[in-house]
**Student:** 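Here's a structure for you.
Just so it is clear, the model here is predicted, and its values are computed rather than measured. Heavy atoms only: backbone and side chains are in, while hydrogens, waters and symmetry mates are out.
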Amino acid sequence: IALINQKCHDLKHQIYALRNVDALERKQYLDEIADSVQIYEAIVQTGNEVLDTILTEKSLYCKERNITVTCVADGEQMKFMNTVDLYAILGNALDNAIEAVEKFEQQDMRQIDVQIYRKGQFLVMNIINPLNESLVYEDGIPVTTKENRKFHGFGLKSIKYMVKKCGGIVNIKEEGGCFSLMMLIPIP
């Protein structure tokens, strides 16, 4: 919201400046305004305020880094979830996916798919992203690729713990050059 307010404030000044500049400078201003307006494309509305906040924040971060986030999410199905757990689960999952795709230079590989839906009596959350290499696993969880393992590699462990606390399960798999983190949580 603060970023949107800042952009609107800047737009007011840019529009004023457009009236008093030459054609080349006007084109530069218009390009900048077009970039600013694209912020609205990153705003996500799923029917769940907490999920909307998480996805919008991560989408804005990704947009700045040329990462495409495709999201199909029915946030209504998540109303039963604890806010802190939801932030931790999806925050960690999306941070891991972002870290993985940031390693790619090719734009078509810098993408993350987010799917959140109800299947029977379960909430399904699936985060999918391309991989640049197969991962090494320990106890069914990928080992961190960061240098200092003492201070990294806690995100997926945290996700597993919280999903289990909700009575659910986590399924991690690599298939077709993609990493899939699927979480199934029973809906009360």
**Student:** Write down the atom of A100, the atom of P130, and the distance for their closest heavy-atom approach.
**Tutor:** CB-O, 4.4 Å

**Student:** Closest approach of D22 and E25, non-hydrogen atoms and distance?
**Tutor:** OD1-N, 2.9 Å

**Student:** Should Q111 and T70 be marked as a side-chain contact (heavy atoms from CB on, under 4.5 Å) after you check the CA-CA gap, both sets of side-chain angles, and the distance that decides it?
**Tutor:** CA-CA 8 Å; Q111 62 183 14; T70 304; 5.9 Å; no

**Student:** Should we count CD of Q106 as having more than 12 external heavy atoms under 6.0 Å?
**Tutor:** yes

**Student:** Just checking E174: does its CD atom have more than 12 heavy atoms from other residues, nucleotides or ligands closer to it than 6.0 angstrom?
**Tutor:** yes

**Student:** With a 4.5 Å cut-off on side-chain heavy atoms, are S180 and K173 touching?
**Tutor:** yes

**Student:** Could you name each residue pair satisfying side chain to side chain donor-acceptor pair (under 3.5 Å) that touches residues 80-94, not counting sequence neighbours?
**Tutor:** D85-K165

**Student:** Quick check: closest heavy atoms across V170 and M183, and the distance to 0.1 Å?
**Tutor:** CG2-CG, 4.0 Å

**Student:** Side-chain heavy atoms nearer than 4.5 Å, only ILVMFWY residues, links allowed to pass through others: does that put I172 and I128 together?
**Tutor:** no

**Student:** To the nearest 0.5 Å, how far apart are CE in M162 and CG in L86?
**Tutor:** 10.5 Å

**Student:** Test side-chain contact (heavy atoms from CB on, under 4.5 Å) on Q77 and I116; report intermediate values, then the result.
**Tutor:** CA-CA 8 Å; Q77 303 304 321; I116 299 172; 5.9 Å; no

**Student:** Do R110 side-chain atoms and R65 backbone N/O form a donor-acceptor pair below 3.5 Å?
**Tutor:** yes

**Student:** Between Q107 and N66, is there a donor-acceptor pair closer than 3.5 Å when you use the side chain of the first and the backbone of the second?
**Tutor:** yes

**Student:** Quick check on the hydrophobic clustering: are V50 and V124 connected, directly or via other members, by side-chain heavy-atom contacts under 4.5 Å?
**Tutor:** no

**Student:** Do I185 and M81 come within less than 4.5 Å of each other through their side chains, counting heavy atoms only?
**Tutor:** yes

**Student:** Grab the two heavy atoms, one from C62 and one from I112, that are nearest each other, plus how far apart they are.
**Tutor:** SG-CD1, 4.5 Å

**Student:** Just by modelled atom types, is the V21 backbone N or O under 3.5 Å from a matching donor or acceptor in the R19 side chain?
**Tutor:** no

**Student:** To the closest 0.5 Å, what do you measure between CD1 (I89) and CG (L94)?
**Tutor:** 11.5 Å

**Student:** Working to the nearest 0.5 angstrom, can you tell me the gap between N171 CG and N126 CG?
**Tutor:** 8.5 Å

**Student:** If you count heavy atoms of other groups shown closer than 6.0 angstrom to NZ of K79, is the number above 12?
**Tutor:** yes

**Student:** Could you measure the distance from the NZ atom of K103 to the CE atom of M109? Nearest 0.5 Å is fine.
**Tutor:** 12.5 Å

**Student:** Provide the closest heavy-atom pair for L184 versus V163 in the form atom of the first, atom of the second, distance.
**Tutor:** O-CG1, 4.1 Å

**Student:** Would you say E105 has more than 12 foreign heavy atoms packed within less than 6.0 Å of its CD?
**Tutor:** no

**Student:** Quick one, I67 and E102 - any side-chain contact, counting heavy atoms below 4.5 Å?
**Tutor:** yes

**Student:** Decide yes or no on side-chain contact (heavy atoms from CB on, under 4.5 Å) for K58 and V69, but give the supporting numbers first.
**Tutor:** CA-CA 9 Å; K58 299 301 181 185; V69 177; over 6 Å; no

**Student:** For L51, which of T46, T56, V114 qualifies under side chain to side chain contact (heavy atoms under 4.5 Å, CB included)?
**Tutor:** T46

**Student:** Considering residues, nucleotides and ligands other than F80, do more than 12 of their heavy atoms fall under 6.0 Å from its CZ?
**Tutor:** yes

**Student:** Please answer: with hydrophobic residues joined when any side-chain heavy atoms are less than 4.5 Å apart, are L123 and Y161 in the same cluster?
**Tutor:** yes

**Student:** With sequence neighbours excluded, give me every salt bridge (Lys or Arg N to Asp or Glu O under 4.0 Å) pair touching residues 179-188.
**Tutor:** none

**Student:** Is L90 reachable from I187 through a run of hydrophobic residues whose side-chain heavy atoms are each under 4.5 Å from the next?
**Tutor:** yes

**Student:** How long is the span from the CG atom in L156 to the CG atom in N96, to the nearest 0.5 Å?
**Tutor:** 5.0 Å

**Student:** Could you check whether any side-chain heavy atom of L181 comes within less than 4.5 Å of a side-chain heavy atom of N129, counting everything from C-beta outward?
**Tutor:** no

**Student:** Where do I127 and A93 come nearest, in terms of heavy atoms and distance?
**Tutor:** CG1-CB, 3.9 Å

**Student:** Y117 vs V72, test: side-chain contact (heavy atoms from CB on, under 4.5 Å). Steps then yes/no.
**Tutor:** CA-CA 8 Å; Y117 57 94; V72 177; over 6 Å; no

